[in-house]
Structures are given as structure tokens and as C-alpha cells.
Trainee: 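My structure is below; once you've seen it, I'll send some questions.
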Amino acid sequence: MSKKYYITTPIYYPSGNWHLGHCYTTVLCDALARYKRLQGYDVYYLTGTDEHGQKIQERARQNNMAPKQFVDGLVDDIKKLWELLDISYTKFIRTTDVEHETAVQKIFQKLYDKGDIYKSSYEGWYCTPCESFWTQTQLKDGKCPDCGREVKLTKEESYFFRLSKYQDRLIDLLTNTDFLEPRSRVNEMVNNFLKPGLTDLSVSRTSFDWGVKVPFDPDHVVYVWIDALSNYITALGYASENEKDFETYWPADVHMMAKEIVRFHSIIWPAILMALDLPLPKKVFGHGWLLFGGDKMSKSKGNVVDPFILVNRYGLDAVRYYLLTALPYGSDGTYTNEAFIKKINADLVNTLGNLVSRTIAMTEQYFDGVIPAPEVEDKEIDQPLIDAIKGAYGNVTDYLEKFEINKALEEIIALTERANKYIDQTTPWILAKNPEQKGRLKTVIYNLCETIRTAGVLLRPFLTKTPPKIFAQLGINDEELIAFDSAGKFPAKLVGCKVQKGEILFPRLKLEQELEELSKLC
RNA sequence: CGCGGAGUGGAGCAGUCUGGUAGCUCGUCGGGCUCAUAACCCGAAGGUCAGGAGGUUCAAAUCCCCUCUCCGCAACCA
């Protein structure tokens with residue numbers, strides 16, 4: 001059996017505005033999943049939706065729909081989005097799946113039987129119009145922080161999870177292992193929540209009923225913590241009659257998410273797993289936010305960028321490329337239409353696309369499209385390019401292992417930049433005029449073809465449309481030549497391949513014109 | 001003193017952990033080339049690194065202190 005790799009996105013809350021932020025996390029995981037698959041891992045890639053809760057119930061009511069009916073539509077939308085983005089997930093879990101709901105009840109029961117869940121009550125300030133509970137410290141001037149209206153002291157019965165019991169183990173986990181990355185998030189968690197001391201966690205609600213019923217107390221529904229977080233194991237069949245996938249894939253290799261939910265995944269989730277006596281995930285990674293201009297993307301701010309518009313207009317790979325390069329390790333990044341257009345032009349059009357175009361064109365013109373065997377070398381000029389070709393594979397994989405996706409891609413673009421320079425150094429068009437230089441020209445063309453082959457192979461985890469186009473243009477029929485680890489091998493067996501000029505990989509975008517169009521469309 | 005992050009040429013960023021006179025991409029200007037998608041290659045101008053005529057040091061963007069500004073987090077927005 002091959003090595004396994006289990007990667008997850010969070011399960012998204014169907015708020016009705018799927019935007020580039022959701023796309024970021026999901027495309028990021030997709031790239032990692034593809035990367036591991038290409039390396040021969042048995043990959044399980046999970047994504048899904050978190051569909052219970054008061055907000056959904058309310059919004060469904062506003063739309064005169066049953067909650068399930070309401071979320072069904074939103075789930076259809078997001079599935080279409082993932083299809084649009086070529087997301088290669090293994091399973092899409094919904095918290096409304098019967099298997100999930102059943103398993104959640106079993107988990108809740110198990111924790112209760114063990115004594116890690118107990119019944120009690122909590123006091124809070126209740127805002128009737130908002131139907132929300134607030135703690136003393138959350139109140140603004142004694143009023144509801146959301147709407148500013150009066151609140152009244154109310155007592156609500158609830159089941160509690162003994163989170164406090166796991167405090168020491170959690171501190172140890174976060175501070176003494178690399179469970180949580182980036183490291184800066186560890187400080188945040190430890191200083192804000194662990195050091196001050198954990199309090200037990202309310203894990204049921206009676207104020208709404210759109211959720212999983214507590215098995216032994218149907219007035220209560222299981223609150224989000226246990227319902228949503230446990231998707232990572234219920235998706236694999238945990239607490240079902242068939243736990244085969246669970247046995248194969250758990251623990252997760254990485255839970256990927258944006259920074260605002262790191263807390264739940266690095267404190268509450270491990271505690272639940274500890275209580276269930278299950279192995280912990282190997283890694284929780286909290287990436288930054290894709291900001292719009294300087295602001296967080298949100299519907300209320302009206303700055304949501306529609307992924308469908310971008311993909312339809314610029315192609316999937318342009319969008320995937322931008323997303324994957326937009327965020328440095330652990331930090332925030334920005335989306336603007338202008339930055340997007342410029343980045344695509346600079347990297348994909350001018351550098352990568354143009355290199356492929358000119359290389360194929362020269363191979364056709366000088367060698368009738370048949371990739372020649374190298375003959376005459378010029379070590380001083382050739383070696384730096386060959387070193388770059390050979391080195392790229394190791395650099396890219398190193399960055400991927402460290403979740404520095406943007407740098408991995410930079411590495412590939414840098415390779416193509418290097419090849420563009422090589423063309424100027426070797427001036428093939430001059431070599432072509434002198435029959436005595438034919439041998440030298442063969443080597444130059446061969447090296448260039450190798451470069452674009454390597455770039456194409458290395459791009460396979462990130463871009464889904466472009467690599468096959470590059471291989472087709474190179475006339476590659478041999479699977480070996482597109483295998484991921486073949487990227488590190490030079491020379492490969494390209495000699496004799498019949499190149500074929502295809503459509504331009506990425507058409508040039510006119511900045512002014514596109515900005516105008518986009519402002520109309522969005 | 002709530003916690004965390006950030007403040008570097010016109011824009012966006014790297015460099016700060018392991019101190020030694022600042023680097024990348026885009027833009028601008030000049031040159032070269034013509035295989036290529038007005039693309040490509042080379043070169044230049046432009047910053048003294050938020051502020052403190054602060055501390056440590058032979059030497060600080062880089063370590064310490066203070067101030068200012070911006071952003072995020074504080075029970076469910078990737």
C-alpha cells in the first residue's frame with residue numbers, strides 16, 4: 001500500500017456569497033493534493049459545508065424555504081464553483097448527511113458517557129431581536145454589540161464539554177510541537193486563550209432546532225463545535241458501520257484553513273479528539289486572508305469578487321495562478337483587478353507563454369518541428385540553464401513541503417525567465433543563418449525544449465489546463481516525460497518529439513480595457 | 001499596558017531570527033535584438049529602511065527602550 005495523505009479544507013458555511021477567499025483555501029488544498037498524488041501518495045482530499053445553525057434557519061425562513069431546501073441551493077452553487085476550478089476533492093461532506101448526523105450523535109453520546117460532557121446552564125445577556133447571547137465583556141455600553149438595543153440577563157440550559165480538562169495537554173501540544181503553523185499563531189492562541197485558562201465549552205443549544213438532536217435530550221441540538229469539527233472523521237466513516245477509510249486515512253496530514261478559525265482547530269478540535277482517545281491531526285495550518293484592496297472580502301462591504309466572472313473571462317489557470325501566488329507564507333495578500341491583470345501579463349503571458357511560443361516556433365522553423373539531439377555544447381552558457389532546470393524540482397518540492405506555495409511558483413517562473421535570457425545569449429536566429437553552426441543550434445533548441453517541458457511538469461499541481469497544452473505542443477506522448485519526478489532529470493528523452501504549434505497559452509490582456517470591463521461586470 | 005501582525009525607492013513585497021553601509025517584481029528612462037503574444041535581453045534613475053539628533057556596538061533596516069499610525073483577533077466571516 002502506498003503512503004497516504006489526508007488533507008482537508010474547512011467545511012464552509014453557506015452564506016450565499018462564495019467568493020475568492022473560499023476559492024483560495026480550496027485551490028491551495030487542491031494544489032497540495034495534486035502534488036502528493038503526483039508523488040505517488042494515496043490522497044484523500046475532503047471539503048464540504050457546515051449547514052446547521054440559527055443563521056441558516058433564519059435565512060431559510062426569510063426565504064420561505066425549509067432549511068434543507070435553502071442550503072441545497074447554496075451547496076449546488078459551491079459544487080459548481082469547485083467544478084469550475086477543477087477541484088479534485090475525494091469527498092464533499094455536508095453536515096446534513098445522514099451518516100454525519102448519526103455519527104455526531106454517537107460522538108456526543110460517547111463524550112457524555114465518558115463524563116466529558118455534562119449538563120449545566122450559563123448566564124448571559126440576551127438580545128431578543130438578534131436572538132443572540134452575549135457575555136458581559138462583549139456588550140457595548142451595556143447594549144447589544146450588534147444592534148445596540150437593550151439586552152436582558154437570561155439563563156440558558158446547556159451541555160458543556162470539559163475543555164478545561166485538556167488545557168495542559170493543549171499547551172504542550174502547541175508550544176512543544178509544530179502542530180500549529182505558522183508559529184506566530186501559536187503565540188496568539190497561547191497568550192489569548194490558554195494562559196488565561198480555558199473554560200468549559202457550551203456544546204448544545206435550545207434556542208433553535210436546525211441541527212443534530214442530542215440523542216438523550218431532544219430539546220437540545222448539538223452546537224457547531226462538535227457538529228462541524230467532527231466532519232473530519234465522520235467523513236471517513238468514523239462511528240459508522242464501515243470505518244475502513246477512517247482506519248486508512250486518519251489522522252489527517254493537514255487541516256488547512258484561514259486564520260480566523262485557527263482557534264477552533266488548534267484548541268477545541270484537538271481537545272475533542274483527546275476526549276475520544278483518537279490520534280491528533282499532524283498539522284493545522286492557518287493561512288492569511290486574501291484581502292480586496294485593503295479590506296476583508298465580505299458581502300456587506302460589496303467587494304466580493306465573483307470567481308465565475310474571472311474564470312470565464314481569463315481562464316481557470318490564470319485565476320488559480322493568481323490565487324496561489326497572492327499570499328506569502330502565513331500572511332495576508334491582496335486582490336485587485338489591476339494587480340491580477342498585471343500579474344497574469346507579467347508571468348503567464350510575457351514570461352511563460354511567450355517562451356513556449358518562441359521555442360516551439362524556432363523548433364518548427366529550424367528543424368521542421370522535430371526536436372534535435374544536442375551536438376555542440378558551450379559549457380559556460382549552457383551549464384547555468386541546465387543547473388536551473390535540474391535544481392527547480394528540488395526547490396519547488398521543498399517550498400511545497402513548507403507550504404510556501406507562492407515561492408514554489410516563483411521558482412518555476414524564474415526558470416522560464418532564465419530560459420528567455422538564454423535565448424538572447426545564444427541568438428538562435430543567427431546560428432540558423434550559418435550551416436556550420438547547426439550543431440550548436442541543435443543543442444540550444446534542445447535545452448529550450450527541456451526547459452519548457454520541465455516547467456510544464458512542475459506546474460502540474462498548480463495549473464490544470466496549461467501543462468497538457470505544453471506537452472501537446474512539445475509532441476510528448478510518453479508518460480515518463482510528464483511524470484512529476486522527471487522534472488529533475490536532464491536530459492529527458494525529448495529527441496525526436498514532433499512539436500506542434502498550438503493556440504497561444506495566455507493571450508495578452510490590455511490593462512485599461514480589462515479594468516473597464518471588469519468594473520462593468522462586477 | 002488585552003493579544004497578534006504590519007509600517008523599507010511611485011506601487012506591491014524580501015531582507016530583521018544567525019547586526020557589517022539595502023534586494024526583488026511592476027512602473028519610468030535609455031540601449032539591444034527580431035525566434036516570439038508591441039513580447040524578450042541589457043543598463044540607468046529613484047529609498048538610509050514610521051518617528052525618537054534614544055540605548056547597546058567598531059558597525060543596526062537588523063538587538064533593547066519609548067512614541068505614533070494601520071490591520072486583525074476577543075464563541076462560529078476561507
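Each chain gets a letter, A, B and so on, in the order its sequence line appears, and its residues count up from 1.
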Trainee: Under 4.0 Å from OP1 or OP2 of B:A36: is there any side-chain N or O of A:Gln365 that close?
Mentor: yes
Trainee: Can you see whether A:Thr95 engages A:His100 through a side-chain donor-acceptor pair at a distance of less than 3.5 angstrom?
Mentor: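 No, because no side-chain N or O of A:Thr95 sits under 3.5 Å from a partner of the opposite role on A:His100.
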Trainee: What is the base-pairing partner of B:A50, counting Watson-Crick and G-U wobble geometry with both distances under 3.5 Å?
Mentor: B:U67
Trainee: I'd like the P distance from B:G52 over to B:A60, given in whole Å.
Mentor: 15 Å
Trainee: Consider the side chain of A:Asp424, meaning its heavy atoms from C-beta on, and name the nucleotide among B:A36, B:C40, B:C77 that approaches it most closely.
Mentor: B:C40
Trainee: Hunt down the Watson-Crick or G-U wobble partner of B:U18, both distances under 3.5 Å, from any strand shown, or write none.
Mentor: none
Trainee: Using atom C1' in both nucleotides, what's the gap between B:A6 and B:A14 to the nearest angstrom?
Mentor: 14 Å
Trainee: Which nucleotide, B:C35, B:G72, B:A38, lies nearest any side-chain atom of A:Arg508?
Mentor: B:A38
Trainee: Are OP1 or OP2 of B:A11 and a side-chain N or O of A:Lys342 less than 4.0 angstrom apart?
Mentor: no
Trainee: Does B:C42 have OP1 or OP2 under 4.0 Å away from a side-chain N or O of A:Lys421?
Mentor: yes
Trainee: Quick one: label A:Thr199 by what it contacts on the DNA or RNA (base, sugar-phosphate, nothing), any heavy atom closer than 4.0 Å.
Mentor: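 If one applies the 4.0 Å heavy-atom cut-off, A:Thr199 turns out to touch a base.
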Trainee: Tell me which of A:Met189 and A:Met257 sits closer to the 5' end of RNA chain B, going by the nucleotide each one is nearest to.
Mentor: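 The residue whose closest nucleotide sits nearer the 5' end is A:Met189.
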Trainee: Assess whether a salt bridge exists between A:Asp30 and A:Arg320, defined as any Lys/Arg side-chain N lying under 4.0 Å from an Asp/Glu carboxylate O.
Mentor: yes
Trainee: For residues A:Phe285 and A:His255, establish whether the separation of their ring centroids is below 6.0 Å.
Mentor: no
Trainee: So what does A:Lys55 touch, heavy atoms closer than 4.0 Å: a base, only the sugar-phosphate, or nothing?
Mentor: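 If one applies the 4.0 Å heavy-atom cut-off, A:Lys55 turns out to touch the sugar-phosphate alone, with no base involved.
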Trainee: When you get a sec, tell me which of B:C35, B:U37, B:G72 is the closest nucleotide to the side chain of A:Lys259?
Mentor: B:G72
Trainee: Answer with yes or no whether A:Asn354 presents, from its side chain, a donor or acceptor under 3.5 Å of a partner atom in the base of B:A36.
Mentor: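 Between B:A36 and A:Asn354, which were checked side chain against base, a qualifying N/O pair under 3.5 Å is present.
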Trainee: With respect to the side chain of A:Thr25, which nucleotide from B:U37, B:C33, B:A78 is positioned closest?
Mentor: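 Of the candidates, B:A78 comes closest.
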Trainee: Can you check whether A:Asn420 has a side-chain N or O nearer than 4.0 Å to OP1 or OP2 of B:A39?
Mentor: no
Trainee: Measuring to OP1 and OP2 of B:A74, would you say a side-chain N or O of A:Arg263 lies under 4.0 angstrom away?
Mentor: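 Answer no for this pair, as no side-chain N or O of A:Arg263 is under 4.0 Å from OP1 or OP2.
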Trainee: Nearest to the side chain of A:Ile504 - B:C26, B:U37, B:A36?
Mentor: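 Closest nucleotide to the A:Ile504 side chain: B:U37.
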Trainee: Among the nucleotides B:G72, B:A75, B:C77, which one has an atom lying closest to any side-chain atom of A:Leu201?
Mentor: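 Out of B:G72, B:A75, B:C77, the nucleotide with an atom closest to A:Leu201's side chain is B:A75.
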Trainee: Decide if the gap between the ring center of A:His22 and the ring center of A:Trp18 is smaller than 6.0 angstrom.
Mentor: yes
Trainee: Under 30°, 30 to 60°, or over 60°: which ring-plane class applies to A:Tyr45 and A:Tyr89, parallel, tilted or perpendicular?
Mentor: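 Plane angle over 60°, so perpendicular.
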